[in-house]
Structure formats: C-alpha cells, structure tokens
Amino acid sequence: QVQLVESGGGLVQAGGSLRLSCAASGRTSSTYATGWFRQGPGKDREFVAAISWGGSSISYADSVKGRFAIARDNAKNTVYLQMNSLKPEDTAVYYCAAGPNVGRVTAADDLYSWGQGTQVTVSS
C-alpha cells in the first residue's frame, strides 16, 4: 500500500501561483498513476489532473487546462501540481490519489490511496 501526503497549499491572490507536492511512502516500488482532485466549499470532489508512472500519459480537467501542470519525480517519490493564473474558483482542498492507470484515476475508479488534503485559498 502506498501512503500519500500533500503539501504546498496556502493563501494566494488571484493570478498568483502555487506548487503542490504529493509525497509517497510505503510500497513505492510499485508502479501506479497519481492524480489530483479537489473539493471546494459546498461542492463535490472533482478530478483535476493525473499522470502515469512514466509520465508519458497525462490528463487534465478542462477547467485547469493551460493553467495547471502535473509532473512527477519518481526518484523522490513525489508528484507535483504547478498551479498558475489561479482564480477564486480554484479555492478548495486538494487531494492526491494513486490508482492503476491514468484512465482509472481520471474516473476516480479503483483508487487505492488518498492523501489527507491541503487547503488552497485564492483571494480576489
């Protein structure tokens, strides 16, 4: 089982940037895809971005395309989410999760690990 811990959240003004990190521990020798999800106030949890183990397959939600970028460094067992041009509607708790492949992660299907979340607040 892989354990995930997010970090990097905070308060930022609209138009600003943040970089979130998702650090894995445990069975990190296993290959898995990793994704980011978010849950805003009063909203359901939604998919944000996902990346395959090797980094060759990436998926983004339409709402973040062109603004967010996902990347991973397997040597550091860490996945990153670079968030640029942030908007107030990006305010949410951001979670990372692991799953068998990008398709399953994008669909939030058969995910086997979740982090505890990190708060991102974008002020207008």
Short side-chain to backbone donor-acceptor contact, [X] and [Y], under 3.5 Å:
X	Y	value
Asn101	Ser52	no
Gln13	Ser123	no
Glu6	Cys96	yes

Hydrophobic clusters join Ile, Leu, Val, Met, Phe, Trp and Tyr when side-chain heavy atoms are under 4.5 Å apart, directly or via other members; which others share one with Val12?
Leu18, Leu20, Trp36, Val48, Ile51, Ile58, Tyr60, Val64, Phe68, Ile70, Val79, Leu81, Met83, Leu86, Tyr94, Val120, Val122
How many angstroms lie between atom [atom1] of [X] and atom [atom2] of [Y], to the nearest 0.5 angstrom?
X	Y	atom1	atom2	value
Thr91	Leu11	OG1	CG	8.5 Å
Asp109	Arg104	CG	CZ	5.0 Å
Arg38	Glu89	CZ	CD	8.0 Å
Leu4	Ser113	CG	OG	5.0 Å
Gln39	Asp44	CD	CG	7.0 Å

Quick check: closest heavy atoms across [X] and [Y], and the distance to 0.1 Å?
X	Y	value
Asp90	Ser85	OD2-O, 4.4 Å
Ala14	Pro88	CB-CD, 4.1 Å
Val105	Gly35	CG1-CA, 3.6 Å

Hey, any chance Trp114 and Val2 share a hydrophobic cluster, counting ILVMFWY side chains that come within less than 4.5 Å of each other, even indirectly?
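They do not share one cluster, since no chain of ILVMFWY contacts under 4.5 Å joins Trp114 to Val2.
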With hydrophobic residues grouped by side-chain heavy-atom distances under 4.5 Å, do Trp53 and Tyr112 end up in a single group?
yes
Partners meeting salt bridge (charged side-chain N to carboxylate O under 4.0 Å, His left out) with Arg72 (sequence neighbours left out)
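Partners of Arg72 by the salt bridge (charged side-chain N to carboxylate O under 4.0 Å, His left out) criterion come out as none, since no residue qualifies.
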Looking at Tyr95, does the NZ or CZ of Arg45 lie under 6.0 angstrom from its six-membered ring centre and within 45 degrees of the ring axis?
yes
The test is side-chain hydrogen bond (donor to acceptor under 3.5 Å, both in side chains); show your working for Thr78 and Asp73 and say whether it passes.
CA-CA 5 Å; Thr78 301; Asp73 183 342; over 6 Å; no
So, for Phe47 and Phe37, is the gap between ring centers shorter than 6.0 Å?
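Under 6.0 Å, so yes.
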Chi angles and distances behind the side-chain contact (heavy atoms from CB on, under 4.5 Å) call for Thr118, Ser7:
CA-CA 6 Å; Thr118 186; Ser7 62; 5.6 Å; no
Asp62/Lys65 ion pair, N-O < 4.0 Å:
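Yes, charged N to carboxylate O under 4.0 Å.
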